[in-house]
2 protein chains.
Amino acid sequence: MPLIRNIHEAQMSPVQMDGVQGASMAVMIGRNDNAPHFAMRSFAVEPGGHTPKHQHDYEHEVFVVAGNAKVLLEGELHELKAGDTVLVPANELHQFTVPHDATEPFRFLCFVPVEQNCGGPVPGS
Amino acid sequence: MPLIRNIHEAQMSPVQMDGVQGASMAVMIGRNDNAPHFAMRSFAVEPGGHTPKHQHDYEHEVFVVAGNAKVLLEGELHELKAGDTVLVPANELHQFTVPHDATEPFRFLCFVPVEQNCGGPVPGS
């Protein structure tokens, strides 16, 4: 059977990292599915939640599925809405923050390469 | 400025390949944006339209944004709806076909590596 899965039916797991609040994720297409170059992960961040403020030596490509948030990028906050696409370059400090008064979770896809620059596995890929 | 663009505001261009009908696309994050490993392209296929029935030596990772279609994969047709994710492995024959009676375009994201196995650029990346 081909790998066809819906993000709304996938089992989400809490993201357990320093600096995370109210975020969960599911790997939709990853290393365990024999993705050869990059992985697709689905994230949901609750109102008032956020991803860690961090940076790493690989890029993100992000697609906003639903909801609203702000992304810290290049030292400034930028508003995000459904349909937005974002390139987070390698080594760029970034964080997604969802307003406390948001009416729904912020849902996005975040793609990463499956290998870092020196050939090791990317966490969560 | 960071690269933040919305798929609904991007300029779509007709896909001009043999075997394509009613398809348009925009590169959201690609080689020209210095995407180092993979490219994000946004596609729309009109009711009654289809992508080419073809195969190539690199994979697709697909996310369905809106609408309905069937995908040919592993020799069979599979129904697709919003929120679905699909891995099209390298060298696998595939085609997306939108029913004539669909009420809206089929919109999806299709990710490809920016380089093929031997180092050349992937078309449309």
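Proteins get letters first, then strands, A, B, ... in listed order; numbering begins at 1 in each.
- In this structure, A/R31 contributes its side chain and A/V114 its backbone to a donor-acceptor pair below 3.5 Å.
- With a 4.5 Å cut-off on non-hydrogen atoms, B/V88 does not touch chain A at all.
- No donor-acceptor distance shorter than 3.5 angstrom exists from the side chain of B/H60 to the backbone of B/V62, with no hydrogens or angles considered.
- Residues A/Q21 and A/H50 are in side-chain contact: their nearest non-hydrogen atoms beyond the backbone lie under 4.5 Å apart.
- Contact count against chain B (heavy-atom pairs under 4.5 Å) is highest for A/M1 among A/M28, A/R107, A/M1.
- Comparing A/D33, A/V64, A/I4, A/V71 by heavy-atom pairs within less than 4.5 Å of chain B, the highest count is held by A/I4.
- Ranked by heavy-atom pairs shorter than 4.5 Å toward chain A, the options B/M40, B/E59, B/H8 are led by B/E59.
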Which atom pairs, one a donor and one an acceptor, fall under 3.5 Å between side chains of residues 73-86 of chain A and the rest of the protein, sequence neighbours left out?
from  : atom 1 : to    : atom 2 : distance (Å)
A/H78 : NE2    : A/L73 : O      : 3.2
A/D84 : OD1    : B/N6  : ND2    : 2.9
A/D84 : OD2    : A/K81 : N      : 2.9
A/T85 : OG1    : B/R5  : O      : 2.8

